[in-house]
Amino acid sequence: MELCNYCNQKSKAAQNLNALELEKLELNCNPVTFRKGDRIMIQNALSFSLVYVKSGMVKVHVMGPEREQILKITKGPCYLGIPTTVGAKINQYSVTAIMETQVCFIGVDIFRELLMTNGNFAYQIVLDLCRNELQNFQKYINQLQKQGPGKIAEALLHFSDKVFNDLNYELPITRNELGDLTCTSRETVSRILTDFVQNKMIEVDNRHIKIINKKQLEMISQMG
DNA sequence: GCATTAACCACAG
DNA sequence: CTGTGGTTAATGC
């Protein structure tokens, strides 16, 4: 087993742990590598561990009454499942790898113990949860009040700014999933993308996206 | 009414 | 898995 002490991808929170605490963590930390498409957490399953994504990329999604809803696409390093594991026992959502992803499953009991005994650790976790919630509020508003082009523009910019830090990138998901992420249909996604191409805002080659006119995309994203 | 927007269906690469 | 065309329903001048 990998030793947490020597882990080169320690979270900001875990950097506050002392040798003894890291040893405890080690006993309840199980590293696993997932392939693209593998389910890491399953909605409605009982779970006693949360997930620390060391590297890779995942989608967090729920099956709603009508359709699949993607809550977010996120890359490591990050914690996932803290709300649903610490706050509930049954997973409220699923997590699926969209590329090769290395994670550690961390037992909820040891995690609770660390929260209670190490304030600096706990503070970093709270900080993380806060940022997450704010980001979620932002997404609610965007998705509820913007119309199609605004939502798609926002998603494209999100990948460019927050995920890849590049104007050129490989879209990690299908058009269908992009629809599930932005609350539109795959048909609408593909129409809007060709529209963006015709208006010279982006270039598209299958999954490859190149943002040419970022200003205008931002305009559309903001105007809705 | 008429225009806009987007979902649903169908069908073709 | 994607792109496109037709149809339909909702919404807003």
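Only heavy atoms go into these numbers, but all of them, side chains included; no hydrogens, no water, no symmetry mates. Order of the sequence lines sets the chain letters (A, B, ...), proteins ahead of strands, with each chain counted from 1.
- A 4.0 Å heavy-atom criterion places the boundary nucleotides of DNA chain C facing chain A at C/dT2 to C/dG6, written 5' to 3'.
- Under the 3.5 Å distance criterion, with hydrogens and angles disregarded, a donor-acceptor pair is assigned to the side chains of A/R39 and A/T96.
- When the options A/E154, A/Q222, A/K151 are evaluated for a side chain to side chain donor-acceptor pair (under 3.5 Å) with A/N142, the one that passes is A/E154.
- No side-chain donor-acceptor contact under 3.5 Å links A/D180 and A/H61.
- Here A/R112 pairs with A/D109 in a salt bridge; the nearest charged N to carboxylate O distance falls below 4.0 Å.
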Using a cutoff of under 3.5 Å, can you pull out all pairs of nitrogen or oxygen atoms linking the protein to nucleotides 9-11 of chain B, with atom names and distances?
unit_1: B/dC9; atom_1: N4; unit_2: A/E187; atom_2: OE2; d: 2.9

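- A/E218 is listed as a side-chain neighbour of A/L157, based on a closest heavy-atom distance under 4.5 Å.
- Among pairs with a residue in residues 165-186 of chain A, those fulfilling ring-ring contact (aromatic ring centres under 6.0 Å, His included) read A/F164-A/Y169, at least two apart in sequence or across chains.
- Spacing between atom CG of A/D195 and atom C1' of B/dT4 amounts to 14 Å, rounded to whole angstrom units.
- For A/Q147 and B/dT4, the CD to P distance is 12 Å, given to the nearest whole Å.
- Proximity of residues 168-177 of chain A to DNA chain C (heavy atom under 4.0 angstrom from any strand atom) is restricted to A/T174, A/R175, A/N176.
- Overall bending of the helix from B/dG1-C/dC13 to B/dG13-C/dC1, expressed as the angle between end axes built from five pairs apiece, is 10° (10° steps).
- A search for ring-ring contact (aromatic ring centres under 6.0 Å, His included) contacts involving A/Y52 returns A/Y79, not counting sequence neighbours.
- Checked by atom type, the side-chain pair A/S221/A/K146 shows a donor-acceptor distance below 3.5 Å.
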